[in-house]
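Below: the structure, in C-alpha cells.
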Amino acid sequence: MKEEGTTADESQGGNDLDQTASLRRNSTNIPNAKENGISLDHDDQLQRGLKSRHLQFMALGAAIGTGLFVGSGAILHMTGPAALWLGYLSMMAVVWIVMNDIGELATYLPLKGITLPYFAQRFVDPSLAFAAGWNYWYAYSILVAAEATAAAIILDYWKTPVPPWVWITIILGINLLINIIAVGIFGEAEFWFASIKLITILGLIIMGLVIMLGGAPTHERLGFLYWQDPGAFKEYLVEGSTGKFLAYWKAFVLAGYSFITSPELIGLAAGETVAPRRNLPKAVRRFSWRLAIFYGVSSLVVGTIVPSNDSRLLSPESNANASPWVIALQRAGIGGMNHVINAAILTSAWSAGNAFLYSGSRVLYSMAINGQAPAVFGKTTGKGVPWVAVLATWAFGCLAYLNVSEGGATVFLWFNSLSTISGYVAWIVVLVTYLRFRAALEYRGLLNTLPFRTPLQPYASWVVLGVVSLLTLTNGFQVFVAGHWDYKAFLASYITIPAFLLLYFGHKWRSRTPWMKPVAEIDVVTGKKEMDELCADDVDPVAKNWAQRIWFWIA
C-alpha cells in the first residue's frame, strides 16, 4: 500500500485534502450548511431512532416476499430443484458483495438524508446520479404493480366469483389510502407485516423438513426423491449439458427479483440510525448470513417437497394460483394449513406493495426538491405527505391491470423481468460508485480511515460488476433462441437499458458535465469530520447478564 507523502501525486492529494478540510471547517460555522442538498448541521445529525434490529428487519422484510413465496415456483417449474437452489446461492453471493459496498459507503458518511444517487453524484458523476434516481423510482413503481398482480394470483386460489381487476382495485386503493391518509400507521403496519413474513418462512422451513423426513400424514419419506425423478435439472431451451447450464443461468437471472432493492434499504436508513458506525456494520454482517439461511435452506427444501413437473406450479402455460409451499402442504395431506399459509403470503404481497409505493414516492419527492424531477412532485399535504409523488407512483402501479387481458402468471413474469433488470442496473451503479470511492481514498492515502472494511475488496466488486453486467445483458436470453422469440418478453427484459441510457446521455448533453470525475477531484472529506464527532463517544453496550448477551448476539 502507498505511504502518504511518498510520491508527487500523493503530495498533491494531501494538499487537496488539506484545502478541502479547511473549507469544511469554515462551512461548519455556517448554520444549516449543506452539501448537494444534504444537511451538515450538527443538530440535524442527532435525530436518529433506528437501531440495528430495525435495519435488519427492514432489509429482511423486503427480501422475503413474493419472490420466495410465489416466484420460486416459477423458477422450479422452468429449471428444476438443483438449478433453483444454485441460482439462489449464486445470487446471494452477489447480494453479499453489493451489501458490503453499500455498508462501507454508508458507514463512512452516514449523513441524514443520504441516498445512493447522492453517493453516485458525489463520487462519480451527476448524470449517473440523475439516471440512477429515476431508475430507482421506476423499479419501485413496477414492484407496486408486481405485488398487486401477485396478490391477485394468490386470491384466485380460493376461486372467488370476484374477477381479478376488482381485487387489484381493492389492493391498490387501500395502498393509496394508507400512503396518503393513514401514513402515520405505515411504520407500525410494516413492522407487523414483516413479522408475519419471518414467522411464516421459519414455519415453512420446519414444515418442509418434517415432510422430507416422512412426518406428514402420508408418512412418505421424500428425502431427495424429486431430484432423481423428474430430475435435479430440467433442460432449458436445448438438450444435454448446455440445456442444464442454461437452466442454472435462467434460475440465477430470475433469482434477482427476490433481492431487488433490499440491500439499498440499509443504506437509505443510515442517516436515521443510532450509532451508525456500530450498528450499520452489524446489520450488514448479520443480514448476509440470515439471508443465506432463509433463502439457502428454503430454496433447497422447496425443491425436495414439490416435483418440478407439478401442473399447479406457476407458469404461463398453467397460470396456476398457488405457492409451491401450499402445493407441498396439499401433496403431503396436511389439511387446513394451506389456507393459513396462503393468507400469510397474501399479507406479504400486500405489505410489500405498500412499502414500495412509500419508497417510490419518497424517491420521486427527493428528486423534485433537488431539481432532478419536476417541482410539482415536491408538493405536500399539511401533514407533509408528498401527495403528488404518491399519486404518480401509484398511477404507474396501475400497470397491474394488464392482468385483465393477459394471464396473471404471464404478467407477473413480465413485471419480474422489468424490475429485476432495473435492480441490476442499480447494482451496477452501486458497484461503480464504490470503486470510484475506494480509488479516491487510495489516492489520498485515506484507506486506513474506513471505519468498516469488508473482505476481498476491491477485487470482489470488480468480479461482481462483471457478473451483474452479464446478468443484465442476458436477462431475456431465451428470446434469441430459434423458435422462442416473443416481442413482449423482449421488451420486458430489455426496455430498461435504453431508458436508462437515454436519461444518462440526455442529462449529460444538457449539463455538459465531464464523463467521470477525475480521482483527484472526488471529495471524500466533506461531512467526514461531522460523522467522526457524532460517533466519537459511542461505545459498545456491555451485557449485564446471559439474556442480554443472547439478545445482543441476535440484534
Side-chain angles (χ1 to χ4, degrees), residues 63-94 200-216 218 220-259 291-318 320 322-332 334 338 341 345 409 412-413 416 420 478:
I64 298 174
T66 53
L68 179 61
F69 292 131
V70 179
S72 59
I75 301 175
L76 178 61
H77 169 78
M78 281 189 277
T79 68
L84 168 68
W85 185 53
L86 293 173
Y88 273 120
L89 287 181
S90 301
M91 187 53 63
M92 283 187 292
V94 170
T200 299
I201 192 61
L202 284 173
L204 289 174
I205 290 173
I206 295 172
M207 176 207 73
L209 292 173
V210 170
I211 293 174
M212 283 178 63
L213 298 174
T218 58
E220 183 181 4
R221 190 181 182 90
L222 295 176
F224 285 85
L225 174 65
Y226 297 141
W227 283 49
Q228 300 173 17
D229 182 21
F233 289 90
K234 291 183 69 173
E235 296 171 344
Y236 187 67
L237 299 178
V238 297
E239 297 179 353
S241 298
T242 301
K244 292 179 180 179
F245 173 78
L246 292 179
Y248 155 72
W249 192 258
K250 184 63 177 178
F252 190 9
V253 169
L254 292 177
Y257 173 78
S258 299
F259 304 95
L291 197 65
I293 291 175
F294 285 126
Y295 270 93
V297 176
S298 62
S299 61
L300 177 63
V301 169
V302 76
T304 63
I305 57 180
V306 180
S308 58
N309 59 0
D310 191 298
S311 61
R312 291 167 293 181
L313 286 170
L314 188 71
S315 71
E317 293 78 21
S318 67
S323 162
W325 298 98
V326 174
I327 295 172
L329 287 169
Q330 294 173 326
R331 293 182 65 93
I334 302 175
N338 55 324
I341 298 301
I345 295 172
F412 178 77
L413 292 173
N416 183 310
T420 298
Q478 71 279 357

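Here, residue 1 is the first one in the sequence, and each next residue gets the next number. Since the structure is predicted, the reported quantities are computational estimates derived from the model, not experimental observations. What you see below is based on every heavy atom in this structure, not just the backbone, and it leaves out hydrogens, waters and symmetry mates.
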- Task: Write down the atom of Ile205, the atom of Val301, and the distance for their closest heavy-atom approach.
- Result: O-CG1, 4.5 Å
- Query: Does atom NZ of Lys244 have more than 12 heavy-atom neighbours from other groups under 6.0 Å away?
  - Reply: no
- Note on the structure: Taken in chain and number order and not counting sequence neighbours, the residues that satisfy side chain to side chain contact (heavy atoms under 4.5 Å, CB included) with Leu225 are Glu220, Leu222
- Rounding to 0.5 Å, atoms CD (Gln330) and CD1 (Ile327) come to a distance of 7.0 Å
- Taking only residues two or more places apart in sequence, or in another chain, which ones meet Tyr88 in a ring-ring contact (aromatic ring centres under 6.0 Å, His included)? Tyr295
- So OG of Ser308 and CZ of Phe233: to nearest 0.5 Å the spacing works out to 11.5 Å
- Query: Which atom pair, heavy atoms only, marks the closest approach of Leu313 to Pro324?
  - Reply: CD2-CB, 3.9 Å
- Task: Check Ala216 against Ile211 and note the closest heavy-atom contact, atom names and distance.
- Result: CB-CG1, 4.2 Å
- Item | Close side-chain approach of Lys250 to Leu237, heavy-atom, < 4.5 Å | no
- Heavy-atom pair with the smallest gap, counting every atom of Ser90 and Tyr248: OG-OH, 2.8 Å
- Flag side-chain contact, heavy atom, 4.5 Å: Thr304 against Trp85: no
- Query: Under a 4.5 Å cut-off applied to non-hydrogen side-chain atoms, are Arg331 and Pro307 in contact?
  - Reply: yes
- Look up atom OG in Ser299 and atom CE in Met91, then write down how far apart they are to the nearest 0.5 Å. 12.5 Å
- Working to the nearest 0.5 Å, report the span between CD1 of Ile305 and CG of Leu204. 8.0 Å
- Task: Measure the spacing between CH2 of Trp325 and CD1 of Ile201 and express it to the nearest 0.5 Å.
- Result: 5.0 Å
- Message: With a 4.5 Å cut-off on side-chain heavy atoms, are Leu246 and Gln478 touching?
- Response: no
- Message: Can you tell me how the ring of Phe245 sits relative to the ring of Trp249, calling it parallel under 30°, perpendicular over 60° and tilted otherwise?
- Response: parallel
- Task: With sequence neighbours left out, write down each residue that passes side chain to side chain donor-acceptor pair (under 3.5 Å) with Tyr236, or none if nothing qualifies.
- Result: none
- Message: Contact between Thr79 and Leu254 at the side-chain level, heavy atoms closer than 4.5 Å - yes or no?
- Response: no
- Distance col, row Leu84:CG vs Leu89:CG, nearest 0.5 angstrom, shows 9.5 Å
- Query: Hey, does the side chain of Lys234 reach the backbone of Ala247 with a donor-acceptor pair shorter than 3.5 angstrom?
  - Reply: no
